[in-house]
Amino acid sequence: MNRQPVVALIGATAVGKTALSISIAEKLKAEIISVDSRQVYRYMDIGTDKISLSFRREIPHHMIDIADPDEKFTVSDFAEKTSQTVRRIIERDKIPLFVGGTPFYYNALFHASLNSELPSDENVREKYETLANSQGAELLHMRLEQVDPVSAERLHKNDVKRVTRALEIFDLTGKAASEIFKTGEKRDYGFDVLYIGLSRPREELFSRIAIRLEEEFSSGFPEEVEWLLKNGFDERFNPLKGLGYRELIEYHRGKLKLNEALEASISRTKAFCRRQQTWFKKFSPAVWFDVSESNHEAEILNLIQRHLNGEDVSQ
RNA sequence: GGUGGAAUGGCCGAGUGGUCAAUGGCAACAGACUGUAAAUCUGUCGACGGGAGUCUACCAUGGUUCAAAUCCAUGUUCCACCA
């Protein structure tokens, strides 16, 4: 099978992906695919650091503003929709440029990590989460041990979400999730990705995170969350549990002062930044550039061209 | 000047004779990740050592005791109240 070469610009939050992506996309005449689990939602603009509309008129951006915050939108949706979008871009003789910081989504898109057939059912899920709440996480884990000991072994008993999901899969299919993972068919979208990683010393990353959040907090982020709440988009919906959103909801509910919400948001974003880096370490092939001194644009453009021409550039 | 209270590991903070290298939280660091992923979860966290363990630690000094972060004395600093 002939794999389609594509390029993804990765890196931790606030490293400077967006700025560079615009410049590169202009020179390459590329269209940008946002790989960002929160930018897919409408009305969540400031807190997700979404690119401005004026830029979006210059360069087409995909996978932004495609769902409402109370809508279910999953990795699977992302991967399916993105792969179709990319096919269309390529048919138009344009170049897709992946840009974003959601490692899990890259994993689904480029590493054939998802199984083809995996059902899900809100009701079953809710049933188990309720059970965990009333009877404790341990009980849930013990149940899993009975139907799917391999998954139970792998999953920590406190990880209620994953234990729930494993039980959900068993209920819906009658088969152990671990078994399906092992033997089932994977979704391979046929891409041959080259990751271009942008990095900075962590200290610098952390201070950029703080600066960015301070700016967002003083330029409309609290009001954005107020608007969302007023329109019924609250913490019941997962997107609103995101960085800054969760904290600003607590601010609007009077549980946190504004500066406390800011501090908490900064802390949680730093933790997220570390998690992203843990994922990215395993992404390959990848070429990393420290962009704290220079943005390495010329080198990056060159690498991209070569990879798209089918050369092996992963050194 | 008087009276009362407090000083604990990077920070906050529990501990009031042995089971204490010291609960917990934060920060920091490492990690897991199959349709919620900016979600969810785990581990490490005084120093040296692979480990058994050894050493240094709860403001300072001295003391009581088989044994002190915990008791006593003195000193230092801080807080509160009264002058």
Side-chain angles (χ1 to χ4, degrees), chain A residues 12-14 34-41 44 47-50 67 69-82 100-109 111-122 124-126 128-129 132 137 140-141 148 150-151 153-166 168-169 172-173 176-188 202-203 206 209-210 212-213 216 235-248 260 263-283:
Chain A
T13 186
S34 160
V35 184
D36 188 302
S37 69
R38 297 297 133 125
Q39 291 188 0
V40 299
Y41 296 107
M44 296 173 58
T48 62
D49 200 33
K50 230 176 248 173
D70 61 347
E71 218 176 312
K72 205 175 337 142
F73 186 86
T74 67
V75 221
S76 170
D77 298 330
F78 179 86
E80 287 298 310
K81 196 157 180 175
T82 299
T102 301
F104 188 49
Y105 284 8
Y106 284 113
N107 200 42
L109 208 45
H111 303 281
S113 63
L114 259 39
N115 266 80
S116 302
E117 299 299 328
L118 260 197
S120 90
D121 184 328
E122 267 328 277
V124 178
R125 196 175 283 193
E126 234 181 275
Y128 285 117
E129 290 195 336
L140 214 61
H141 192 258
D148 182 356
V150 177
S151 292
E153 168 71 24
R154 193 175 63 88
L155 266 22
H156 192 278
K157 64 176 166 48
N158 290 344
D159 199 348
V160 174
K161 297 232 182 209
R162 291 207 174 77
V163 173
T164 296
R165 172 95 257 252
E168 179 192 357
I169 291 173
L172 264 27
T173 64
S178 54
E179 194 51 37
I180 297 176
F181 291 167
K182 205 166 75 185
T183 59
E185 184 199 339
K186 303 288 184 186
R187 279 197 199 167
D188 185 344
R202 189 168 276 181
E203 215 176 289
F206 280 10
I209 286 170
R212 184 162 85 188
L213 275 158
E216 290 173 359
E235 69 273 37
R236 282 172 303 164
F237 307 110
N238 209 49
L240 279 299
K241 287 183 188 154
L243 307 170
Y245 289 91
R246 178 191 286 173
E247 288 77 11
L248 279 168
E260 290 171 337
E263 288 310 314
S265 302
I266 292 171
S267 292
R268 207 150 66 89
T269 304
K270 288 178 184 172
F272 169 58
C273 173
R274 283 186 216 108
R275 264 178 278 138
Q276 284 178 304
Q277 293 185 320
T278 300
W279 268 105
F280 286 144
K281 274 178 202 165
K282 291 188 293 197
F283 280 16

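Letters A, B, ... are given to chains in the order of the sequence lines, protein chains preceding strands, and every chain is numbered from 1.
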As a test of the definition: with a 90° window around 0 for syn, would you call B:rG25 syn or anti? anti
Take atom CD of A:E263 and atom P of B:rA27, then tell me their distance rounded to the nearest Å. 11 Å
Could you tell me how far apart A:E122 (CD) and B:rG35 (P) are, to the nearest whole angstrom? 12 Å
Taking N and O atoms by type only, does the side chain of A:S76 place a donor or acceptor under 3.5 Å from a partner on the base of B:rG35? yes
Heavy atoms under 4.0 Å, any strand shown: does A:R154 hit a base, just sugar-phosphate, or nothing? sugar-phosphate
Have a look at A:N107 and say if it touches a base, only the backbone sugar-phosphate, or nothing, with a 4.0 Å heavy-atom cut-off. nothing
Is there a Watson-Crick or G-U wobble partner for B:rG18 with both distances under 3.5 Å, and which nucleotide is it? B:rC66
For A:K157 and B:rU42, what is the distance between atoms NZ and P respectively, to the nearest whole Å? 8 Å
Regarding A:T102, tell me which of base, sugar-phosphate or nothing describes its non-hydrogen contacts under 4.0 Å with the strands shown. sugar-phosphate
Could you tell me the separation between the CZ atom of A:F237 and the P atom of B:rU36, rounded to a whole number of Å? 15 Å
Within the structure shown, what part of the strands sits under 4.0 Å from A:R202 by heavy-atom distance: base, sugar-phosphate, or nothing? sugar-phosphate
A:T13 side chain to A:R212 side chain, donor-acceptor N/O pair below 3.5 angstrom: yes
Does the structure show a Watson-Crick or G-U wobble partner for B:rA52, both distances under 3.5 Å? Name it, or say none. none
Send over the distance from A:L109 CG to B:rU34 P, rounded to a whole Å. 17 Å
Rounded to the Å, how far apart are A:Y128 OH and B:rU40 P? 22 Å
Contact class for A:E71 (heavy atom, under 4.0 Å): base, sugar-phosphate, or nothing? nothing
Any side-chain heavy atom of A:F181 sitting closer than 4.5 Å to one from A:L118? yes
A:K241, NZ atom: more than 12 neighbouring heavy atoms under 6.0 Å: yes
Applying side-chain contact (heavy atoms from CB on, under 4.5 Å), name anything that partners A:S120, two or more places apart in sequence or on another chain. A:R125, A:R165, A:E168
Give me the distances for all protein-to-nucleotides 11-13 of chain B N/O pairs that come in under 3.5 Å?
none

Just checking A:F181: base, sugar-phosphate only, or nothing, at a heavy-atom cut-off of under 4.0 Å? base
Base, sugar-phosphate, or nothing: which does A:F206 touch, judged by heavy atoms less than 4.0 Å apart? sugar-phosphate
Counterpart base for B:rU42, defined by Watson-Crick or G-U wobble contacts under 3.5 Å: B:rA30
Euclidean distance, atom CZ of residue A:R275 to atom P of B:rA28 [Å, nearest integer]: 12 Å
If you look at every strand shown and take non-hydrogen atoms under 4.0 Å, does A:R246 touch a base, only sugar-phosphate, or nothing? sugar-phosphate
Heavy atoms only, 4.0 Å cut-off, all strands: where does A:S178 land among base, sugar-phosphate and nothing? nothing
Examine the base of B:rC41 for any acceptor or donor lying under 3.5 Å from a partner atom in the side chain of A:R162, and report the outcome as yes or no. no
So for A:R274 and B:rG31, does any side-chain atom that can act as donor or acceptor lie under 3.5 Å from a complementary atom in the base? no
Quick one: A:F104 CZ to B:rU36 P, roughly how many Å, whole number? 8 Å
Who is the Watson-Crick or G-U wobble partner of B:rA6, with both distances under 3.5 Å? B:rU77
Please give the nucleotide sitting opposite B:rU36 as a Watson-Crick or G-U wobble pair, both distances under 3.5 Å, or none. none
Identify the nucleotide, in any strand shown, that forms a Watson-Crick or G-U wobble pair with B:rC58, with both distances under 3.5 Å; if there is none, say none. none
With a non-hydrogen cut-off below 4.0 angstrom, is A:K186 in contact with a base, only sugar-phosphate, or nothing? base
